[in-house]
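One structure is given below, encoded as structure tokens.
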Amino acid sequence: MEKVDLPVHNHPLLPLTRFSHGRCKGCWSHGYIYGGYRCNELGCDTLFHKECAESLPDINHSSHPDHPLKFVRKFQSSICSLCQVWFDTGYFCSICDFKLDLGCVWRPSPPLTLENTNTHEHQLVLSNGVGSELSQSTRNCKVCSSEVLEFKQYYECHQCELFFHVKSTNISLEEYLTSHPEHPLKFLTGDEAPGYADKKCLLCGVEFNQELHHCDVCNFSICRGCAGNPPPISVMSTKTHEHQLHLFQRLVDFTCNACGTRGEGSPYLCFQCKFMIHRDCIDLPRIININRHDHFISYTRRLGHGDWTCGVCREKVDGFHGAYSCSVASKCSSSYVVHSKCAIRKDVWDQIELEGTAEEEEVDDTTIKHFSHEHFLRLIEDGRILQENKLCEACVFQIQSESFYSCEQCDYILHEKCANISVKK
Ligand SMILES: [Zn+2]
Ligand SMILES: [Zn+2]
Ligand SMILES: [Zn+2]
Ligand SMILES: [Zn+2]
Ligand SMILES: [Zn+2]
Ligand SMILES: [Zn+2]
Ligand SMILES: [Zn+2]
Ligand SMILES: [Zn+2]
């Protein structure tokens, strides 16, 4: 994947094809990021949502309709005119000194005017408290009588010189989202969420941080990240499973088949195999180098029966789930295995996937990774006659006294000449 230069960051960014988990450096929201960008410059390790990274240089935003807003990276510590939070990357209007952080760019914003509301008989106009025409010293909300804070969004009636908190007008910000096309989702903040609503995002299991999108017909609640970049309904990755995986949109407790640890939120599953997987385990790397072992380790879908102990955390490894094992087991004194989650830890793995690289091919000069089989194959030289009659998986002829490749983990076998006919490039 080619790196791209984007104005949001000072290093080129790597597009992500799938899920990662962390905090977006643009809008500062935390959770799963689907199809975003990562900076893998040493010591930077920054993540961005796709829409935050691809921020346009100029936008027109409904919260400030009078002038276009310009994108600026690294403001001298500024406060967002809408949410009053400090930020360093976002948009501004130089005419009005109006500033918008990236979080508020994507957040649904209240309509600029309200007509025919139950709250008040005249038109109400949205104000940010910036350049307000009315100059009363204290501004109290007509509905709840408490103060309308300066520099916060509120509605005002110019005819009656009255003020209203946005919340007090009872408007609901609704939109139809692709992850729940049946009904509009209400955008709720703070304590607006009804008591019965889930406290965690149905799709990713992340706890809501002050805001959520909620359908009160279905009791469906999702986070900002999943609303903006919904996880795909189905994905395919032969690294971890041979069939297509489908997003199961329910908040469930499950054990991930690929890593053996628990998960919350919507798993991906293969109905046929009753296979369930964390979204961030779908693309576990196949061959990696870790700083705890001399040989490369490779991902296996099942270690099989045995008393396995993780080489990193020293805890038990369940042989019926996916894990990593030494890729040249025959050279290794004891069988070296690692939990999937332990193997990919930032302090253990250098974050470089070796599959398809020159290093991988040099695993050992008598060991190859043939495209036709998921495990490493070892070359057995002429003259070692097999005890049983074995057929080559490629040409289906019996293997006699010629050289052949044999799998170290199962009984897959290939003539040397058959393996060389179609070497993966
Ligand atoms: Zn973001
Ligand atoms: Zn803001
Ligand atoms: Zn302006
Ligand atoms: Zn979510
Ligand atoms: Zn997992
Ligand atoms: Zn399957
Ligand atoms: Zn472990
Ligand atoms: Zn095998």
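Contact check for Tyr37 versus Val4: side-chain heavy atoms found under the 4.5 Å cut-off. Side-chain atoms of Ile344 and Pro285, non-hydrogen and from C-beta on, do get closer than 4.5 Å to each other. Considering only heavy atoms from C-beta on, Phe87 comes within 4.5 Å of Ser78 through its side chain. No side-chain heavy atom of Phe48 sits less than 4.5 Å from a side-chain heavy atom of Leu102. No side-chain heavy atom of Asn257 sits less than 4.5 Å from a side-chain heavy atom of Lys274. Between His241 and Ile277 there is no side-chain heavy-atom pair separated by less than 4.5 Å. Two residues are said to be in side-chain contact when any heavy atoms from C-beta on lie closer than 4.5 Å; Leu16 and Leu47 meet this criterion. Within the 4.5 Å cutoff, the side chain of Ser335 has heavy atoms near those of the Trp308 side chain.
In this structure, Lys186 NZ and His213 NE2 are separated by 13.5 Å, a value rounded to the nearest 0.5 Å. The distance from atom CG of Asp5 to atom CG of Asn10, rounded to the nearest 0.5 Å, is 10.0 Å. One finds the CD1 atom of Ile352 at 8.5 Å from the CG atom of Asn289 (value rounded to the nearest 0.5 Å). Here the CD-SG distance, from Glu51 to Cys24, works out to 7.5 Å after rounding to the nearest 0.5 Å. Atom NE2 in His214 sits 9.5 Å away from atom CZ in Phe208 (nearest 0.5 Å). Distance check: Leu124 CG to Gln159 CD gives 10.5 Å after rounding to the nearest 0.5 Å.
Under a 3.5 Å cut-off, the side chain of Ser340 and the backbone N or O of Gly322 do form a donor-acceptor pair. Side-chain N or O atoms of His165 include one that pairs as donor or acceptor with a backbone N or O of Glu147 at under 3.5 Å. Judged by distance alone, with hydrogens and angles left aside, the side-chain atoms of Thr89 form no donor-acceptor pair with the main-chain N or O of Gly26 at under 3.5 Å. Panel note: side chain Ser266, backbone Phe248; a donor-acceptor pair is recorded below 3.5 Å. In this structure a side-chain-to-backbone donor-acceptor pair under 3.5 Å is missing from Thr261 to Cys259. No donor-acceptor pair closer than 3.5 Å links the side chain of Arg107 to the backbone N or O of Arg224. At least one donor-acceptor pair closer than 3.5 Å links the side chain of Ser327 to the backbone N or O of Phe296. Within the 3.5 Å criterion, the main-chain N or O of Lys316 finds a donor-acceptor partner in the side chain of His339. With hydrogens and angles disregarded, no donor-acceptor distance shorter than 3.5 Å links the side chain of Arg286 to the backbone of Tyr299. At least one donor-acceptor pair under 3.5 Å links the side chain of Asn291 to the backbone N or O of Asp347.
By the side chain to side chain contact (heavy atoms under 4.5 Å, CB included) test, Ser406 is found to be paired with Ile380, Phe404, Ile413, residues two or more places apart in sequence or in another chain being considered.
The aromatic rings of Phe163 and Tyr154 sit perpendicular to each other, their planes meeting at more than 60°, with 30° as the lower class boundary. Aromatic ring orientation, His30 versus His21: perpendicular (interplanar angle above 60°, classes split at 30° and 60°). The aromatic rings of Tyr268 and Phe19 sit tilted, their planes meeting at an angle between 30° and 60°. A tilted orientation is assigned to the rings of His180 and His183, their planes being inclined by 30° to 60°. The aromatic rings of His9 and His11 sit perpendicular, their planes meeting at an angle over 60°, well past the 30° parallel limit.
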For this session: Check step by step if ring pair (Phe, Tyr, Trp, His ring centres under 6.0 Å) holds for Phe254 and His278.
Result: CA-CA 9 Å; Phe254 63 97; His278 288 120; 5.4 Å; yes
Problem set entry | Audit row: Leu82, Phe98, side chain to side chain contact (heavy atoms under 4.5 Å, CB included) steps and yes/no | CA-CA 9 Å; Leu82 295 190; Phe98 177 84; 4.2 Å; yes
Problem set entry | Criterion side chain to side chain contact (heavy atoms under 4.5 Å, CB included) on Leu247 and Val235, from CA distance to verdict | CA-CA 8 Å; Leu247 181 65; Val235 292; over 6 Å; no
Exercise. Could you walk me through whether Asp198 and Ser221 pass the side-chain hydrogen bond (donor to acceptor under 3.5 Å, both in side chains) check?
Worked result: CA-CA 7 Å; Asp198 294 316; Ser221 308; 5.2 Å; no
For this session: Go through Cys218 and Glu182 one step at a time and tell me if the side chain to side chain contact (heavy atoms under 4.5 Å, CB included) criterion holds.
Result: CA-CA 9 Å; Cys218 308; Glu182 300 89 340; 5.6 Å; no
Problem set entry | Working for side chain to side chain contact (heavy atoms under 4.5 Å, CB included), residues Leu284 and Lys239 | CA-CA 7 Å; Leu284 280 171; Lys239 286 180 179 183; over 6 Å; no
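Residue Arg250 qualifies as open at atom CZ: its count of foreign heavy atoms under 6.0 Å is 12 or below. Counting heavy-atom neighbours within 6.0 Å of Arg73 CZ, excluding the residue itself, gives a total above 12. Atom NZ of Lys142 has 12 or fewer heavy atoms from other residues, nucleotides or ligands within 6.0 Å. No more than 12 heavy atoms of other residues, nucleotides or ligands lie within 6.0 Å of CG in Asn118, so this atom counts as exposed by the packing criterion.
In summary, Lys199 and Glu264 do not engage in a salt bridge, as defined by a charged side-chain N under 4.0 Å from a carboxylate O. Under a 4.0 Å N-O distance rule, the pair Asp45/Arg38 qualifies as a salt bridge. Asp97 has a carboxylate O that lies under 4.0 Å from a charged side-chain N of Lys99, or vice versa, which qualifies the two as a salt bridge.
Residues Phe164 and His120 place their aromatic rings such that the two centres sit under 6.0 Å apart. The aromatic ring centroids of His305 and Phe320 lie less than 6.0 Å from each other.
A side chain to side chain contact (heavy atoms under 4.5 Å, CB included) with Ser325 is found for one member of Val337, Val317, Ile297 and no other, namely Val337. For the side chain to side chain contact (heavy atoms under 4.5 Å, CB included) with Phe220, the lone residue among Leu177, Leu251, Leu202 that qualifies is Leu202.
Nearest heavy atoms, Ser63 versus Pro65: C-CD, 3.7 Å. Pairing each heavy atom of Ile290 with each of Ile288, the nearest pair is CG2-CD1, 3.9 Å.
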